[in-house]
Structures are given as C-alpha cells and as structure tokens.
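Note that ligands are numbered from 1 as they come in the structure, with each ligand's atoms numbered from 1 the same way.
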Amino acid sequence: MIKITNLEKTYRTEDVETTVLHELNLQVQEGEFVAVMGPSGCGKSTLLNILGLLDDPDAGSFVFDGKETVGYSERRRAELRKHAIGFVFQSFNLIDELTVYENVELPLVYTGVPAAERKQRVEEVLDKMRIMHRRNHYPQQLSGGQQQRVAVARAVVNRPRLILADEPTGNLDSSNGNEVMDLLSELNEQGTTIIMVTHSEHDARYSHRIVRMLDGQTVTENILT
Ligand code: ADP
Ligand code: ADP
C-alpha cells in the first residue's frame with residue numbers, strides 16, 4: 001500500500017536548516033498495524049504529515065496504491081486525503097461549536113454523501129465507537145476518552161483504508177487509552193491499515209511491527225510475535 005524510498009525533508013527558516021528526514025525508507029502492506037517510535041524531535045510527525053499528504057518531501061518517492069504521489073496537485077492530494085485517509089490526533093481536534101453527531105457527520109458533508117445515507121453511517125459509527133448516548137453533547141461536555149472516541153468515529157466515517165494516528169492516547173489515562181487502542185485494533189482487524197506514532201511501548205504492543213526512527217536517518221524494525 002505504501003512504499004517510501006530515500007525520503008528527504010529539510011526545514012528552512014531564515015538562518016537555520018534542519019534536515020529532519022534523510023534517506024528514509026518504509027514499506028507498509030495493506031492491513032498492517034505499524035507503530036512508529038523514536039525520541040522527541042526525530043521526525044515522526046513530519047513523516048506522518050508526509051504520509052497524510054499534508055506536507056511534501058524535498059526528495060524521494062512516496063508511492064501510495066502503486067501511484068507516485070510526489071508532485072501531485074493540491075487538488076488530487078485533497079481528494080486522496082478525503083477518501084482514503086483518516087486522521088486521529090493527540091489533542092482530538094474536534095470542533096467545539098458542533099455536537100458529537102455534527103462533528104462526525106462533517107466529513108460526509110464534505111464528500112457529498114446524501115443526507116439519508118449520512119444519518120445511517122453516522123449512527124452506525126457512533127454505535128461502534130460506543131458514544132451514541134452522547135450524540136447531542138458538545139465536545140467540552142465529554143471526558144477525554146469520550147472525545148477521542150468521537151475523533152476516531154470522525155476519522156473512520158468515510159471508511160478510509162488508512163488511519164494515521166499521532167499519539168492517540170497521549171492525553172488519556174490508561175483506562176481510556178486502552179479503550180481507544182482496542183477500537184483501533186478492532187478497525188485493523190476489519191481491514192483498515194493503521195500507522196500510529198506513539199511514545200508508549202504499551203500502546204505499540206497493539207501493533208504488528210514497530211518502526212524505530214533515530215535522527216530521521218536510521219530505521220530499524222521489530223516484528224512483534
Ligand atoms: P517528532 O514528531 O519526532 O517529535 P517532528 O517531526 O515534529 O519530530 O520534528 C522534527 C524536527 O523538525 C524538530 O527538530 C522540529 O523542531 C523540526 N520542525 C518541525 N516542524 C518544523 C517547521 N515547520 N519548521 C521548522 N522546523 C520544524
Ligand atoms: P458516560 O457514562 O459518562 O457516558 P462513557 O461514555 O465513557 O461514560 O461510558 C462508560 C463505559 O461504558 C465505557 O467503558 C464505554 O465504552 C461503555 N459504553 C458506553 N456506551 C456503550 C454501549 N452502547 N455499548 C457498550 N459499551 C458502552
């Protein structure tokens with residue numbers, strides 16, 4: 001599904017150049033659950049942003065589903081993001097002015113799904129994420145664990161084939177964190193590919209494989225048995 005070859009990324013500000021990714025290679029098969037780990041500042045979020053087509057590398061190749069995405073127009077990238085990729089963030093990133101239901105419905109509005117189908121799909125996913133009983137509440141009325149369940153619901157309502165998660169349990173206590181990890185595992189068992197950045201060895205054990213980054217340069221892989 002994903003083949004990254006010799007990826008390079010350098011951030012340039014007025015006086016500083018920071019090479020974040022250097023000769024990075026990564027392959028992910030459809031259906032895998034991969035954890036990306038490494039020290040703070042080693043380039044994990046940068047890699048995730050490139051995987052999510054939110055950012056462009058300076059050099060190298062990123063093949064998604066057999067197609068080279070480097071050089072794609074912003075329009076094609078946005079299409080692929082909307083339909084194929086779901087994002088889950090550490091800070092939930094829900095819209096405070098919208099209810100749980102409306103937050104989850106929004107991606108379907110953007111992709112032009114008709115109203116009747118929207119209702120059916122939102123209800124199905126709220127039920128699956130065990131947050132249906134809070135459908136008319138606003139994010140600020142929910143616990144962190146509940147907010148993250150809503151965020152996962154929003155990420156999957158368009159049935160993406162790939163979920164990118166950036167420290168999805170970083171703001172949760174262990175019980176809520178485990179619940180979110182269980183939901184991600186269930187989605188993976190149903191066929192969704194997951195790439196998750198985490199600092200938690202515990203969370204990484206939910207994955208099939210740990211990719212370890214060091215200075216954006218070295219990638220070693222541990223296959224979990
Ligand atoms: P990680 O997620 O592993 O903590 P990041 O990918 O966030 O690492 O950052 C890697 C390095 O790139 C850090 O040194 C960070 O300061 C730098 N960096 C990240 N984003 C930018 C940016 N937009 N401009 C300049 N430097 C950046
Ligand atoms: P609250 O009682 O404040 O609404 P939660 O939404 O966190 O709290 O729910 C409490 C627990 O009950 C959680 O572990 C949650 O997963 C579980 N739960 C809530 N709704 C359902 C449901 N429809 N089916 C199964 N478990 C549920």
- Please answer whether the main-chain N or O of Glu23 pairs with a side-chain N or O of Asn6 as donor and acceptor at a distance below 3.5 Å. no
- Side-chain (Lys44) to main-chain (Pro39) donor-acceptor, under 3.5 angstrom: yes
Starting from the N and O atoms of ligand 1, collect every protein N/O partner closer than 3.5 Å and put each pair on its own line with the distance to 0.1 Å.
residue  : atom  : partner : partner atom : Å
ligand 1 : 2 (O) : Ser45   : N            : 2.8
ligand 1 : 2 (O) : Ser45   : OG           : 2.8
ligand 1 : 3 (O) : Cys42   : N            : 3.2
ligand 1 : 3 (O) : Gly43   : N            : 3.0
ligand 1 : 3 (O) : Lys44   : N            : 2.9
ligand 1 : 3 (O) : Lys44   : NZ           : 2.9
ligand 1 : 4 (O) : Gly41   : N            : 2.7
ligand 1 : 6 (O) : Thr46   : N            : 2.9
ligand 1 : 6 (O) : Thr46   : OG1          : 2.5
ligand 1 : 8 (O) : Gly43   : N            : 3.1

- Task: Verify the distance criterion only: is there a donor paired with an acceptor across the side chains of Asp96 and Gln140 at less than 3.5 Å?
- Result: yes
Distance-only donor-acceptor hits, side chain of residues 83-94, under 3.5 Å, sequence neighbours excluded:
residue : atom : partner : partner atom : Å
Ser91   : OG   : Asn93   : OD1          : 2.9

- Which pairs pass salt bridge (Lys or Arg N to Asp or Glu O under 4.0 Å) with one or both residues in residues 188-198, sequence neighbours excluded? none
Validation: residues 65-72 side-chain donor-acceptor distances under 3.5 Å, sequence neighbours left out:
residue : atom : partner : partner atom : Å
Asp65   : OD1  : Arg161  : NH2          : 2.9
Asp65   : OD2  : Arg161  : NH1          : 2.6
Asp65   : OD2  : Arg161  : NH2          : 3.4
Glu68   : OE1  : Ser61   : OG           : 2.6
Glu68   : OE2  : Phe62   : N            : 3.0
Glu68   : OE2  : Val70   : N            : 3.0
Thr69   : OG1  : Phe62   : O            : 3.0
Tyr72   : OH   : Arg76   : NH2          : 3.1

